[in-house]
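We name chains A, B, ... by the order of the sequence lines, and we start the count at 1 in each one.
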2 protein chains.
Amino acid sequence: MADSHAGHDHVWADDLTRNQELVLGTLAHATAPLSAYDILDRLRDEGLRAPLQVYRALDKLTERGLAHRLESLNAFVCCADAHCHGDGGSTAFAICDRCGKVEEFAEPAIDSKLRSWSKASGFVPARMTIEIRGLCKECSASRGP
Amino acid sequence: MADSHAGHDHVWADDLTRNQELVLGTLAHATAPLSAYDILDRLRDEGLRAPLQVYRALDKLTERGLAHRLESLNAFVCCADAHCHGDGGSTAFAICDRCGKVEEFAEPAIDSKLRSWSKASGFVPARMTIEIRGLCKECSASRGP
DNA sequence: GTCTAGACGTAATGTTATAACGTCTTGATC
DNA sequence: GATCAAGACGTTATAACATTACGTCTAGAC
Ligand SMILES: [Zn+2]
Ligand SMILES: [Zn+2]
Ligand SMILES: [Zn+2]
Ligand SMILES: [Zn+2]
């Protein structure tokens, strides 16, 4: 095969490897966060056989901000915010415990509060995790007032 | 043994079980977060043999706010803030990637921002995770200007 | 005394993540 | 064009984290 990894249906970046594209594509089509093993299962037909192939791709994708790891779930989502990639600001996630839907949002005021606490404490931040678990609008509506 | 589990050196609550006291005591004496298996290893001499004994105690302790789970580390710490226990407000953690030290702090403004985002979005929050990874004051000082 | 709820002990298993090794491709350098 | 270095890749094995399932024991309610 001369032309590598053709057949994808969206381009996120021009220099992703085949495995990275496969993993990102899988995340993009998912409606809920996927664990690395979920992703692996969905890519068996594409030839992936080992967890490490997925973890390596996820490492690169999260480094570049094209995907995010949800720490409270040990799972991954495709970045939903074009402005988010690599702007250094922290991103927050609201995760529905019932349907799995994830909303990615930025609250600059939160980021700024965390930074000012850090500055005051002498702590040098490298990475921030902000996750809310609960019920999304639809799921809470279907459970009573 | 008539009098159950004597010999501890601090009382956090009057109704902890023996396993819960052992686990909380272990966390209280640690200088960095401990995984469930770390805790288990330190309690072999007290008779604990299985992970579940530790996980069950941790579940109860975290429910009551006497210990906290650090999601980005899959590890646990003793609660460091007497005001924190069960006040419903979210607690934030700054975790040093070099020495492991954890600082627990409350930023009501952050909590309030997250709640107002939730209200505006129709999301019903149940639990919030706020963790900053980086270098503590001492560790960043010993690494250059 | 009987019943029940909850903590406990144990074994087995499931899930998430990394270590260690060698190969292959690509692109720079000589 | 040969050599070299960096980095993606494939594979196996293993480590680290967490839960399911089942039976026992005790304390308190009735
Ligand atoms: Zn994003
Ligand atoms: Zn939902
Ligand atoms: Zn606390
Ligand atoms: Zn430190």
Side-chain angles (χ1 to χ4, degrees), chain A residues 1-5 13-24 26-27 30 32-64 66-77 97 100 129 131 133, chain B residues 1-5 13-24 26-27 30 32-64 66-77 97 100 129 131 133:
Chain A
M1 190 187 335
D3 188 8
S4 67
H5 53 282
D14 54 4
D15 58 348
L16 294 179
T17 67
R18 171 175 151 87
N19 285 359
Q20 288 163 21
E21 269 196 43
L22 287 171
V23 168
L24 188 53
T26 302
L27 287 176
L34 298 178
S35 75
Y37 282 78
D38 291 337
I39 295 169
L40 178 57
D41 286 341
R42 296 181 187 205
L43 290 175
R44 299 263 182 212
D45 291 345
E46 304 291 339
L48 271 68
R49 326 295 321 276
L52 204 46
Q53 296 174 285
V54 174
Y55 280 109
R56 287 201 272 232
L58 286 169
D59 281 348
K60 295 300 178 187
L61 294 171
T62 53
E63 259 174 31
R64 298 181 52 162
L66 297 171
H68 300 289
R69 175 182 173 83
L70 301 175
E71 300 287 356
S72 68
L73 239 39
N74 293 333
F76 300 83
V77 289
D97 286 330
T129 298
E131 296 175 17
R133 302 283 293 270
Chain B
M1 187 183 342
D3 188 8
S4 68
H5 54 279
D14 54 4
D15 57 349
L16 294 179
T17 67
R18 171 173 150 87
N19 286 359
Q20 289 164 19
E21 269 196 43
L22 287 171
V23 168
L24 188 53
T26 302
L27 286 176
L34 298 179
S35 75
Y37 281 77
D38 291 336
I39 295 169
L40 178 57
D41 286 340
R42 297 182 186 202
L43 290 175
R44 299 263 181 210
D45 293 346
E46 304 291 340
L48 272 69
R49 326 294 322 275
L52 200 46
Q53 295 175 286
V54 174
Y55 281 110
R56 286 201 274 230
L58 286 170
D59 281 348
K60 295 299 178 190
L61 294 171
T62 53
E63 259 174 31
R64 298 181 51 162
L66 297 171
H68 299 289
R69 174 182 174 85
L70 300 175
E71 299 288 357
S72 69
L73 239 39
N74 293 334
F76 301 83
V77 289
D97 286 330
T129 298
E131 297 175 16
R133 302 282 294 270

(Q) Once side-chain hydrogen bond (donor to acceptor under 3.5 Å, both in side chains) is applied, do any residues pair with A:Arg133, and if so which ones, sequence neighbours excluded? (A)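 A:Arg133 satisfies side-chain hydrogen bond (donor to acceptor under 3.5 Å, both in side chains) with A:Ser72, A:Asp97 only.
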Q) Can you list the residues that meet the side-chain hydrogen bond (donor to acceptor under 3.5 Å, both in side chains) rule with A:Gln53, with sequence neighbours excluded? A)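 Per chain and number, A:Gln53 pairs via side-chain hydrogen bond (donor to acceptor under 3.5 Å, both in side chains) with no residue.
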Q.
Would you compute the distance between atom OG1 of A:Thr26 and atom CG of A:Asp38 and round it to the nearest 0.5 angstrom?
A.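 Answer for the OG1-CG pair, A:Thr26 versus A:Asp38, is 10.5 Å.
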Does the side chain of [X] get closer than 4.0 angstrom to OP1 or OP2 of [N] through an N or O atom?
X: B:Asn74; N: D:dA18; answer: yes
X: B:Asn19; N: C:dG9; answer: yes
X: A:Arg18; N: C:dT25; answer: no
X: A:Gln53; N: D:dG10; answer: yes

Q. In terms of side-chain geometry, is the basic nitrogen of A:Asp15 or A:Lys60 positioned less than 4.0 Å from the acidic oxygen of its partner?
A.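 No, A:Asp15 and A:Lys60 are not salt-bridged.
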(Q) Looking at A:Arg69 and A:Asp59, is any side-chain nitrogen of the basic one under 4.0 Å from a carboxylate oxygen of the acidic one? (A)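 Looking at A:Asp59 and A:Arg69, the cut-off is not met.
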I need the [atom1]-[atom2] distance between [X] and [N], as an integer number of Å.
X: A:Asp38; N: C:dG14; atom1: CG; atom2: C1'; answer: 13 Å
X: B:Leu40; N: C:dT10; atom1: CG; atom2: P; answer: 12 Å
X: A:Asp41; N: C:dT16; atom1: CG; atom2: C1'; answer: 13 Å

Q.
Can you tell me whether the side chain of A:Arg56 and the base of D:dG10 have a donor-acceptor pair closer than 3.5 Å?
A.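 Such a pair exists between side chain and base.
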Q.
So which atom in B:Leu27 and which in B:Ala67 form the shortest heavy-atom distance, rounded to 0.1 Å?
A.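 Here B:Leu27 and B:Ala67 meet closest at CD1-CB, 3.9 Å.
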Polar pairs (N or O, both sides) under 3.5 Å between protein and nucleotides 12-16 of chain D?
none

